[in-house]
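Okay, structure first, notes after.
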Amino acid sequence: MRWSRYPINTVKETPSEAEVVSHQLMLRAGLIRRLAAGIYTWTPFGLRTLRKVENIIREEMDRAGALEVLMPAVQPAELWQESGRWELYGPELLRLKDRHQRDFVIGPTHEEVITDLARRELKSYRQLPANFYQIQLKFRDEIRPRFGVMRGREFIMKDAYSFHATQESLQEGYDLMRDAYIRMFTRMGLEFRPVKADTGSIGGTASEEFQVLADSGEDAIAVSDGTDNYAANLELAPALPPSTPRPAALASLTKVATPHKRTIEEVAIFLKVTPQQCLKLLLVESTDGGVVALALRGDHELNAIKAQKLPQVAQPLRMASPEAVVAATGCEPGYLGPIGLKCPLYADHAALAAADFICGANEMGHHYIGANWGRDLPEPTRADLRNVVAGDPSPGGNGSLRIRRGIEVGHIFQLGKKYSEAMQASVLDEAGKPVVMFMGCYGIGVTRIVAAAIEQNHDAAGIRWPAPIAPFDVVLVPLNAAKSPKVAELAEALYAQLQQRGFEVLLDDRDARPGVKFADAELIGIPHRIVISDRGIEAGALEYRHRRASENEAWPLSEVIERLAAARSATST
RNA sequence: CGGGAUGUAGCUCAGCCUGGUAGAGCACUACGUUCGGGACGUAGGAGUCGGAGGUUCAAAUCCUCUCAUCCCGACCA
């Protein structure tokens, strides 16, 4: 491509709407342009990278034996009513009516459509296993789209769905996809981790996320520093019970006045203790309309996913209203404690390991000090209720956990029979009996990968694309070509020769000053740069610079193409 | 949906408090000079001041409503 024929401008100033670096650079480099909140146009440069990402995905899916399809973006409501998600999905599902007032949705995902296809086409166990995938636009009406294409409302997703006669076959298909994902993200030059994950609203059993590690990531993940390779979404990582027994009770139970000290922090400062010595009591709504109490150590955070798995806790988890708290305890939040409590009580392992702890007295303006389980109140039901914190032992058995941020670029699920049962997708087995198929589902956020790659690969000057997903392999920068026919000629010759050799070449034939060209080349992040100048021609050498290098190399003119070819095949990033 | 903020030229923003008929830098056009790290000069084009209503002789500026965008939270693969 000739840059002079490319009408989309780079910009020096950072657009005020962009907060994270990938969004800023994508706008500055002219990869995307915003049309509405969470909705973007991909420009030719951006689209080149997007297509490279798609093609890597496509190649690995095909290699794994999956079959590409293309399903409709607009889907009839009947399918969603059949699966039950018409009611369950909520306002994130964009619904619309056609001219006949029939209900449709713009697909946020395609389980219903693919299951419908599968139940029509798959008749026999001999057709299984089967795996269909597509790379397609999705629309989810996110409450708060942000970070550019990282959390857009409209986005491109690769979604695959596999169908199996048995759980064993599903496990094999799942493992195959897991391997394919590792190959893809590795090929894209990303630093990532597969992590154990919650299945969320998609449902099903086993599930792993593929997280690109980046400080700007929206997800917290717990990663083991030991040899067990353990990694899990923070939502899911179990906090192991402490291995040491609870210390003996030394202090006696005493009620103290703590006026206007409601938070753990305020109480701890007031009583000159650490938050670890305090007990936090939270009331949440229960399944029968009442409340359930959850006790945590003062410095720990409630894990909503874990809490709402308790049988008595309403799903989704909701904190009890202030009125409900007063009704249940006779006291406002801030002074709640487990002693004398009438509602059901669950206590986190760490909270139960404490002796002589401090807790609310269920009386306005008062706390207890020197409280002890078993002595001052009955032993409650134990549960894992908290988020793990850095330093906790790894559930994998070797090492301790660190908390890192990640961008979720892929998610694989074993759905089991959730959709196939609801939609009666079955095949005949060897005995001629109908059996409901097992399903797996495997998603990748294609547009999000582009943003994630930039989060991991940039410097002060701009993007540093991993070579496999760069929009071009090489950028040619002729200097002062308008005045120097030799420079112009050589640039044109190289442009033609490199293209012939299969390079994707960007020729910066704009009549711009050198500084502008260098800055733009670095901003858009092309891996290899060749500078063509009178100075170089006289010396019989051209300047080569890799985007990740800080120094130029002088390459003899006659060797430029061969050296570039070598550089291209040598570096994956 | 709750809290906060912002909408003025394509972009980044000033002007608003204290009402008097719209500005800067970047970008763009033309010409000249310049030409190895985002040049300089001269001239120029470009804005329903987000929208509607109100107050006033007069509104970008004050008031009301509304729309949009961004941030925090809740929520969410």
Side-chain angles (χ1 to χ4, degrees), chain A residues 7-20 23-24 27-28 30 33-39 85 88-93 107-111 138-148 150-153 155 157-159 195 197-204 207-211 218-219 233 235 304-305 316-319 406-413 415 441-448 460-462 477-484 487 508 510-523 529 531-539 542-543 545 550 552:
Chain A
I8 291 166
N9 299 316
T10 57
V11 289
K12 268 187 275 196
E13 280 163 310
T14 301
S16 57
E17 69 190 57
E19 211 199 353
V20 296
H23 190 196
Q24 293 170 353
L27 289 170
R28 286 189 54 210
R33 292 290 183 240
R34 193 183 72 91
L35 181 65
I39 300 178
R85 289 206 292 186
L88 289 176
Y89 219 95
E92 204 179 306
L93 178 63
T109 177
H110 282 71
E111 280 84 4
K138 301 271 193 268
F139 192 92
R140 295 182 190 175
D141 201 355
E142 295 279 351
I143 297 173
R144 187 144 90 85
R146 59 185 138 182
F147 304 153
M150 201 117 94
R151 181 167 291 275
R153 293 194 292 173
F155 57 98
M157 188 176 195
K158 188 287 298 178
D159 48 328
V195 309
D198 186 63
T199 51
S201 65
I202 301 276
S207 165
E208 283 169 288
E209 292 166 346
F210 287 77
Q211 295 274 0
E218 293 187 273
D219 293 330
N233 195 299
E235 292 173 341
I305 301 284
L317 185 85
R318 277 187 308 274
M319 299 303 290
I407 300 166
E408 183 186 350
V409 294
H411 201 157
I412 57 178
F413 299 81
L415 291 177
C441 134
Y442 318 93
I444 290 182
V446 181
T447 35
R448 182 180 281 182
V477 183
L479 299 185
N480 205 15
K483 290 277 174 60
S484 168
V487 168
D508 190 354
R510 297 174 299 175
D511 184 18
R513 297 167 64 84
V516 173
K517 294 188 176 192
F518 293 146
D520 272 348
E522 279 155 16
L523 177 60
R529 183 183 82 189
V531 176
I532 300 131
S533 65
D534 281 320
R535 190 200 281 179
I537 292 172
E538 277 164 33
L542 297 183
E543 278 166 36
R545 184 136 146 194
S550 53
N552 291 331

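Reminder, nothing fancy here: chain letters follow the sequence lines and each chain counts from 1.
The base of C76(B) lies close enough to the side chain of Arg151(A) for a donor and an acceptor atom to sit less than 3.5 Å apart. A donor N or O paired with an acceptor N or O is found under 3.5 Å between the base of G38(B) and the side-chain atoms of Arg28(A).
Side chain of Asp520(A), nearest nucleotide from C70(B), G38(B), C76(B): G38(B).
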Donor-acceptor pairs under 3.5 angstrom involving side-chain atoms of residues 513-520 of chain A: please list them, not counting sequence neighbours.
residue   : atom : partner   : partner atom : Å
Lys517(A) : NZ   : Pro478(A) : O            : 2.8
Lys517(A) : NZ   : Asp508(A) : O            : 2.9
Lys517(A) : NZ   : Arg510(A) : O            : 2.9
Asp520(A) : OD1  : Thr10(A)  : OG1          : 2.8
Asp520(A) : OD2  : Thr10(A)  : OG1          : 3.4
Asp520(A) : OD2  : Arg510(A) : NH1          : 3.0
Asp520(A) : OD2  : Arg510(A) : NH2          : 3.1

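An OP1 or OP2 oxygen of U12(B) is reached within less than 4.0 angstrom by no side-chain nitrogen or oxygen of Thr14(A).
Nucleic acid contact class of Val11(A) (heavy atoms, under 4.0 Å, all strands): none. No engagement by Arg510(A) is indicated, since no non-hydrogen atom pair under 4.0 Å with the nucleic acid exists.
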For every nucleotide of nucleotides 27-36 of chain B, 5' to 3': is a protein heavy atom under 4.0 Å from its base (B), only from its sugar-phosphate (S), or from neither (-)? S------BBB

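For Glu13(A), there are no side chain to side chain contact (heavy atoms under 4.5 Å, CB included) partners, not counting sequence neighbours. Remark: Asn9(A) engages no residue in a side chain to side chain contact (heavy atoms under 4.5 Å, CB included) (not counting sequence neighbours). The side chain to side chain donor-acceptor pair (under 3.5 Å) test applied to Glu208(A) returns Tyr174(A), Arg178(A), not counting sequence neighbours. In this structure Asp534(A) satisfies the side chain to side chain donor-acceptor pair (under 3.5 Å) test together with Ser484(A), sequence neighbours excluded.
Look at C49(B): it lacks any Watson-Crick or wobble partner with both distances under 3.5 angstrom.
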